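If you're wondering where the values come from, they're calculated on a predicted model, not measured in any experiment.
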Amino acid sequence: MPIFLFVQIILIKVLALFPEFVEQFYSNGLYFYISKFSRIALGWVSFSVGDLCYTILIFFVLRWIYKNRIGFFANWKNNGLTILSFVSVLYFLFHFLWGINYYRVPLHEKMGIEKEYTKVQLQALTEKLIAKTNQLQFQIEKDSTKKVVFSYSEQKMYEMAPRAYASLPKPLVFIKYQNESIKSSLYSLSLSYMGFGGYLNPFTNEAQVNYLKPKYTSPLTICHEMAHQTGIASESDCNFVGFMAASSHKDLYFQYSAYAFALNYCIYNLEVMEEGSAKSYRKLINKGVLENFNENKTFWKHYHSWIDTFFEYFYDKFLKFNQQKDGMESYSKFVGLLINYDLKHQVIHAN
């Protein structure tokens, strides 16, 4: 088994050199059938099967550690081989069931757009997003000073979300979503402390959502995790597809979630480019929208500790190890995709 782990790592590194092969034979081939089977088999179950499996796995791992605590290092060879064998199996299942998607053709190449942008282009998009987000906020609340409050339950949003993918614009029609499997995570409190709004379970293909976070962010999060289910691994690509899906939904709350999300990232990226440059733009944003932003900021600040700092560092290294060179920064990189997509198709405008 330890030798098998070494062989797997080599094979994955070789596969990474052939994205077209991965795209054709795995992402649009084997993975299509694996994911379809997983979602059909588990999608009807009301609770997260993946989270339950993690709980059982953690129990047996802790049980094994406890049973082998005495003389653990004295018996280092056998214990080491057991651990390596365990890691080897997980490594295989992760990549076979989902992880090879990390090495497919990037989304911007398939759409024929660039990722880079200028400050002027970012400012222009920010202005358009402010106009659209303000419009949606006022349309929903009839008062520019009130934050948008969702009356939908999480389950209702899970049921509504697939319609977003049915409404994707023509340049993205190659992205298909069928056989939904979207659920609230049993570990939502843990996810809050870890700094995650949701995740895809790569072993069960269930889209997991942190139901504790502010509801106005949920539609975008749901659509983001659904993008992972379609075989898109890149976080920037999933943010882009999640935005395009949620913003294409006929429901105003889904649209608002998408545009508020994109606007918040544009404001952040302006500050990264030049500190203080976003101040003038914030003055143009409806007070109600800013209230939603503050609601989200307050939520994550409440759960902030060394735990989310550690997991941010860990996930950053994990993404970089899996060919996502921007690591955690890749989440904000979707702004470049959005700018260049809008320049080509002119899809963002206030009515």
Engineer: At what distance, to the nearest 0.5 angstrom, does NE2 of His228 lie from CD of Glu225?
Structural biologist: 5.0 Å

Engineer: Checking Lys115 against Leu337 for the side-chain contact (heavy atoms from CB on, under 4.5 Å) test, could you report, in this order, the C-alpha distance in whole Å, the side-chain angles of both residues, the deciding distance, and whether it holds?
Structural biologist: CA-CA 5 Å; Lys115 292 195 300 181; Leu337 291 175; 3.8 Å; yes

Engineer: Under 4.5 Å between any side-chain heavy atoms of Leu97 and Pro202, yes or no?
Structural biologist: no

Engineer: In terms of ring plane angle, is the pair Phe261 and Tyr265 parallel, tilted or perpendicular, where the classes change at 30° and 60°?
Structural biologist: perpendicular

Engineer: Could you state whether Leu30 and Phe32 fall into the same hydrophobic cluster, counting links through intermediate Ile, Leu, Val, Met, Phe, Trp or Tyr residues with side-chain heavy atoms under 4.5 angstrom apart?
Structural biologist: no

Engineer: Output yes when a side-chain donor or acceptor of Asn340 lies under 3.5 Å from a complementary backbone atom of Gly336, and no otherwise.
Structural biologist: yes

Engineer: Would one find more than 12 heavy atoms of other residues, nucleotides or ligands at under 6.0 Å from atom CZ of Phe174?
Structural biologist: yes

Engineer: Measuring only between side-chain heavy atoms, which start at C-beta, is Leu52 closer than 4.5 Å to Phe47?
Structural biologist: yes

Engineer: So with a 6.0 Å cut-off around CD1 of Ile70, is the heavy-atom count from everything else above 12?
Structural biologist: no

Engineer: Just by modelled atom types, is the Ala124 backbone N or O under 3.5 Å from a matching donor or acceptor in the Glu127 side chain?
Structural biologist: no

Engineer: Rounded to the nearest 0.5 Å, how far does OG of Ser144 lie from CD of Gln135?
Structural biologist: 14.0 Å

Engineer: I'd like to check the ring pair (Phe, Tyr, Trp, His ring centres under 6.0 Å) partners of Tyr256; sequence neighbours left out, ordered by chain and number.
Structural biologist: none

Engineer: Identify which one of Glu295, Gln137, Glu291 satisfies the side chain to side chain contact (heavy atoms under 4.5 Å, CB included) criterion when paired with Val148.
Structural biologist: Gln137

Engineer: I'd like to know if the side chain of Asn286 and the backbone of Val289 have a donor-acceptor N/O pair within less than 3.5 Å.
Structural biologist: no

Engineer: Using the rule given for side chain to side chain donor-acceptor pair (under 3.5 Å), can you reason through Tyr313 versus Asp308, listing the C-alpha separation, both sets of side-chain angles and the distance that settles it, and then say yes or no?
Structural biologist: CA-CA 8 Å; Tyr313 174 83; Asp308 68 302; over 6 Å; no

Engineer: Kindly assign one of parallel, tilted or perpendicular to the pair Tyr193 and Tyr303, based on the angle between their ring planes and the thresholds 30° and 60°.
Structural biologist: perpendicular

Engineer: Step by step, work out the side-chain contact (heavy atoms from CB on, under 4.5 Å) result for Phe18 and Tyr103.
Structural biologist: CA-CA 8 Å; Phe18 302 97; Tyr103 311 106; over 6 Å; no

Engineer: What are the two closest heavy atoms between Ala164 and Ala245, and how far apart are they?
Structural biologist: CB-O, 3.2 Å

Engineer: Would you say CD of Glu109 has more than 12 non-hydrogen atoms from neighbouring residues, nucleotides or ligands within 6.0 angstrom?
Structural biologist: yes

Engineer: Does one hydrophobic cluster hold both Val49 and Val209, with members joined at side-chain heavy-atom distances below 4.5 Å?
Structural biologist: no

Engineer: Mind checking the CD-NZ spacing from Glu271 to Lys279? Nearest 0.5 Å is all I need.
Structural biologist: 10.0 Å

Engineer: Quick check: closest heavy atoms across Ile232 and Ile175, and the distance to 0.1 Å?
Structural biologist: CD1-CD1, 4.0 Å

Engineer: Using the six-membered ring wherever Trp is involved, compare the ring planes of Phe21 and Phe25 and label them parallel, tilted or perpendicular (cut-offs 30° and 60°).
Structural biologist: tilted

Engineer: Would you say that more than 12 heavy atoms from the other residues, nucleotides or ligands in this model lie under 6.0 Å from the CZ of Arg63, or not?
Structural biologist: no

Engineer: Look at Arg39 together with Glu206 and state whether they make a salt bridge at an N to O cut-off of under 4.0 Å.
Structural biologist: no

Engineer: Can you tell me how far SG of Cys53 sits from CD1 of Ile58, rounded to the nearest 0.5 angstrom?
Structural biologist: 11.0 Å

Engineer: Is a side-chain donor or acceptor of Ser188 paired with a backbone partner of Ser185 at a separation under 3.5 angstrom?
Structural biologist: yes

Engineer: Does the Thr309 side chain pair with the main chain of Ser305, one donor and one acceptor, at a distance under 3.5 Å?
Structural biologist: yes

Engineer: Taking the side chain as every heavy atom from C-beta outward, state whether Glu235 and His224 have any atom pair closer than 4.5 Å.
Structural biologist: yes

Engineer: Roughly how far apart are Ile40 CD1 and Gln178 CD, rounded to 0.5 Å?
Structural biologist: 8.5 Å

Engineer: Just do the side-chain contact (heavy atoms from CB on, under 4.5 Å) check on Arg104 and Glu20 with the steps written out, would you?
Structural biologist: CA-CA 7 Å; Arg104 69 187 302 186; Glu20 291 82 7; over 6 Å; no

Engineer: With a 4.5 Å limit on heavy-atom distance, are the side chains of Leu122 and Cys266 in contact?
Structural biologist: yes

Engineer: For the pair Asn292 and Asn296, evaluate side-chain contact (heavy atoms from CB on, under 4.5 Å) and give the outcome as yes or no after the intermediate values.
Structural biologist: CA-CA 6 Å; Asn292 279 130; Asn296 193 47; over 6 Å; no

Engineer: Hey, is the main chain of Phe334 close enough, under 3.5 Å, to the side chain of Asn239 for a donor-acceptor pair?
Structural biologist: no

Engineer: Looking only at heavy atoms, what is the nearest atom pair of Leu252 and Ile140, with distance?
Structural biologist: O-CD1, 3.8 Å

Engineer: Just by modelled atom types, is the Leu84 backbone N or O under 3.5 Å from a matching donor or acceptor in the Ser88 side chain?
Structural biologist: no

Engineer: What residue pairs, at least two apart or across chains, pass ring pair (Phe, Tyr, Trp, His ring centres under 6.0 Å) with a residue in residues 118-167?
Structural biologist: Phe150-Tyr253, Tyr152-Tyr253, Tyr165-Tyr177

Engineer: Taking all non-hydrogen atoms of both residues, which atom of Gly99 and which atom of Tyr26 are closest, and how far apart?
Structural biologist: N-OH, 4.2 Å

Engineer: Where is the tightest heavy-atom contact between Gly242 and Cys223, given as atom of each residue plus distance?
Structural biologist: O-CB, 3.6 Å

Engineer: Could you tell me whether Lys119 atom NZ has more than 12 heavy atoms of other residues or ligands within 6.0 Å of it?
Structural biologist: yes

Engineer: Below 4.5 Å, heavy atoms only, C-beta onward: do Ser167 and His249 meet side chain to side chain?
Structural biologist: no

Engineer: Looking only at side chains, do Lys213 and Thr221 share a donor and an acceptor under 3.5 Å apart?
Structural biologist: yes

Engineer: So which of Asn210, Asp51, Thr55 actually passes side chain to side chain donor-acceptor pair (under 3.5 Å) with Tyr187?
Structural biologist: Thr55

Engineer: If you count every heavy atom of other residues, nucleotides or ligands that lies below 6.0 Å from Lys110 atom NZ, does the total exceed 12?
Structural biologist: yes

Engineer: Please tell me whether Ile100 and Phe94 are part of a single hydrophobic cluster in this structure, the criterion being side-chain heavy atoms less than 4.5 Å apart.
Structural biologist: yes

Engineer: Could you tell me whether the side chain of Trp98 and the main chain of His95 form a donor-acceptor pair under 3.5 Å?
Structural biologist: no

Engineer: Indicate the ring-plane relationship of Phe293 and Tyr216, choosing parallel, tilted or perpendicular according to the 30° and 60° boundaries.
Structural biologist: tilted

Engineer: Should Phe310 and Met194 count as side-chain neighbours, where that means a heavy-atom distance under 4.5 Å?
Structural biologist: no

Engineer: Tell me, do Leu172 and Met111 make a side-chain contact under 4.5 Å, heavy atoms counted?
Structural biologist: yes

Engineer: In terms of ring plane angle, is the pair Tyr259 and Phe243 parallel, tilted or perpendicular, where the classes change at 30° and 60°?
Structural biologist: perpendicular

Engineer: With under 30° as parallel and over 60° as perpendicular, where do the rings of Phe96 and Phe92 fit, or are they tilted in between?
Structural biologist: parallel

Engineer: Any side-chain to backbone donor/acceptor pair from Ser48 onto Leu186? Under 3.5 Å, distance only.
Structural biologist: no

Engineer: Measure from the side-chain N and O atoms of Asn75 to the backbone N and O of Gly71, and report whether any donor-acceptor pair falls under 3.5 Å.
Structural biologist: no

Engineer: Applying a strict under-4.5 Å side-chain criterion to I, L, V, M, F, W and Y, I'd like to know whether Met273 and Leu284 cluster together.
Structural biologist: yes

Engineer: Just wondering, do Leu42 and Trp44 contact through their side chains at under 4.5 Å, heavy atoms?
Structural biologist: no

Engineer: Hey, any chance Trp64 and Leu57 share a hydrophobic cluster, counting ILVMFWY side chains that come within less than 4.5 Å of each other, even indirectly?
Structural biologist: yes

